[in-house]
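Structure, as structure tokens:
Numbering of residues begins at 1 and proceeds along the displayed sequence. Note that this is a predicted model, so its numbers are computed, not measured. Heavy atoms only: backbone and side chains are in, while hydrogens, waters and symmetry mates are out.
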Amino acid sequence: LQPMENLNLLEIKKSKIAGKGVFSKNKINQGQTICFLTGELCSLEEVLKRVDEGREEPSDPLGVDDEKYLDLDEISRTFNHSCEPNSYIRGQNELVAIRNISGGEEITYDYSTTMNDNEEKIIKAGRNLWTCKCYCGSDKCRGKIDQFKTLPKNVQSYYIDNKFMPNIMLKVFASTD
């Protein structure tokens, strides 16, 4: 888990998607590392405790391993979701450009590509799996941010075939033919 870098290439400002977003100050090339998302490494139990105590929102943690999460810091939490993203998470927390990103463009990733939560444990803890109405505005908008397994098969295949998702998700969802 590398520290947040390339911050001089990014700026936070009002987003058309939701609240604030992270925008590129300059062109970012396809395949270029944008930054590494950062935060405190926590277990699922710790995340549930923090949500119950009101110290964090259920949408804040990023799944990085089997029942391990990054409790994202403020900057990392500010990247918005899109159903047609211009970046993805590689490895555990490296944000990489899927395509060329213009200066001034909002940087987004598909939150669903990071979501494979332990439904049984979460429900046993008296909570529901986190989902959210989507306002990304893309022509490909699915209307809801949800677990990866709920995505249409063609969308799942796109992310898996191109490896546009974190290692833990590829490990779980990529077939080993």
Side-chain angles (χ1 to χ4, degrees), residues 1-7 10-15 17-23 33-83 85 87-96 106-136 141-151 155-156 159-160 163-174:
L1 304 172
Q2 307 269 330
M4 182 72 90
E5 48 187 55
N6 293 342
L7 288 181
L10 309 173
E11 64 182 333
I12 295 173
K13 57 186 187 180
K14 186 167 175 29
S15 168
I17 297 172
K20 293 180 180 177
V22 180
F23 293 76
T33 297
I34 298 165
C35 67
F36 287 84
L37 303 181
T38 55
E40 184 183 350
L41 194 59
C42 298
S43 66
L44 174 59
E45 290 76 15
E46 180 61 25
V47 166
L48 291 170
K49 180 180 172 201
R50 290 176 183 192
V51 168
D52 287 343
E53 293 170 349
R55 293 193 288 147
E56 87 175 47
E57 294 297 319
S59 59
D60 291 350
L62 171 70
V64 294
D65 207 340
D66 195 28
E67 295 190 26
K68 294 282 185 207
Y69 294 82
L70 266 184
D71 183 3
L72 295 174
D73 59 33
E74 192 61 35
I75 294 170
S76 298
R77 206 175 19 240
T78 307
F79 288 93
N80 277 317
H81 161 85
S82 176
C83 296
S87 67
Y88 71 100
I89 295 177
R90 175 168 62 197
Q92 283 190 316
N93 62 329
E94 179 184 10
L95 194 63
V96 178
E106 184 168 7
I107 299 168
T108 59
Y109 68 96
D110 188 336
Y111 290 1
S112 295
T113 62
T114 69
M115 296 170 60
N116 184 39
D117 300 310
N118 185 327
E119 187 171 7
E120 188 180 321
K121 267 192 182 178
I122 291 170
I123 288 171
K124 202 178 239 185
R127 303 203 91 23
N128 294 317
L129 285 178
W130 180 82
T131 63
C132 185
K133 184 165 174 46
C134 182
Y135 298 99
C136 74
C141 184
R142 299 183 300 268
K144 183 178 182 183
I145 304 167
D146 203 347
Q147 301 289 305
F148 185 78
K149 65 185 178 189
T150 68
L151 297 182
V155 175
Q156 288 184 31
Y159 288 126
I160 293 167
K163 295 184 169 55
F164 288 158
M165 52 199 299
N167 286 352
I168 186 65
M169 297 294 285
L170 287 170
K171 185 175 138 186
V172 172
F173 291 98

query = What distance separates Lys20 NZ from Lys14 NZ, expressed to the nearest 0.5 Å?
reply = 10.0 Å
task = Answer yes or no: is there a donor N or O on one side and an acceptor on the other, between the side chain of Asn116 and the main chain of Phe148, under 3.5 Å?
result = no
note = What one should report as the nearest heavy-atom pair of Glu106 and Gly21 is OE2-CA, 3.4 Å
Donor-acceptor contact present, side-chain Asp146 to main-chain Ser112, <3.5 Å = no
inquiry  = So which atom in Ser82 and which in Cys136 form the shortest heavy-atom distance, rounded to 0.1 Å?
reply    = CA-CB, 3.7 Å
query = Yes or no on side-chain contact (heavy atoms from CB on, under 4.5 Å) for Leu41 and Gln92, after CA distance, side-chain angles and deciding distance?
reply = CA-CA 11 Å; Leu41 194 59; Gln92 283 190 316; 6.0 Å; no
key: Atom pair CG (Leu72) and CD (Glu40), whose distance is rounded to the nearest 0.5 Å   = 11.5 Å
key: Exercise: identify the closest heavy-atom pair between Ile160 and Leu170   = O-CD2, 4.0 Å
task = Only counting residues at least two apart or in another chain, list the ones meeting ring-ring contact (aromatic ring centres under 6.0 Å, His included) with Tyr88.
result = Phe164
key: Rounded distance [0.5 Å steps], CG in Leu70 versus CZ in Arg77   = 11.5 Å
ask   = Taking all atoms of both residues into account, what is the closest heavy-atom pair of Tyr159 and Pro85, and its distance?
value = OH-CD, 3.4 Å
key: Beyond-backbone contact of Asn80 with Tyr135, side-chain heavy atoms, under 4.5 angstrom   = no
query = Is there a side-chain contact between Cys134 and His81 (heavy atoms, below 4.5 Å)?
reply = yes
Heavy-atom pair with the smallest gap, counting every atom of Val22 and Ile75 = CG2-O, 4.1 Å
request  = Start with the C-alpha gap between Ile89 and Glu94, add the side-chain angles, then the distance that decides, and say whether side-chain contact (heavy atoms from CB on, under 4.5 Å) holds.
outcome  = CA-CA 5 Å; Ile89 295 177; Glu94 179 184 10; 5.8 Å; no
query = Does Ser87 use its side chain to pair, donor to acceptor, with the backbone of Thr108 at less than 3.5 Å?
reply = yes
note = Closest non-hydrogen contact found for Cys42 with Asp71 is SG-CB, 4.0 Å
Heavy-atom side-chain contact between Thr114 and Tyr109 under 4.5 Å = yes
task = State whether the side chain of Thr150 and the backbone N or O of Gln147 hold a donor-acceptor pair below 3.5 Å, judged by distance alone.
result = yes
key: Under 3.5 Å: donor-acceptor pair, side chain of Gln156, backbone of Leu151   = yes
task = Starting at SG of Cys132, measure out to NZ of Lys144 and round the result to the nearest 0.5 Å.
result = 10.5 Å
Euclidean distance, Ile107 CD1 relative to Glu11 CD, rounded to 0.5 Å = 9.5 Å
inquiry  = Measuring from atom CD1 of Ile168 to atom CZ of Phe173, what distance do you get when rounded to the nearest 0.5 angstrom?
reply    = 10.0 Å
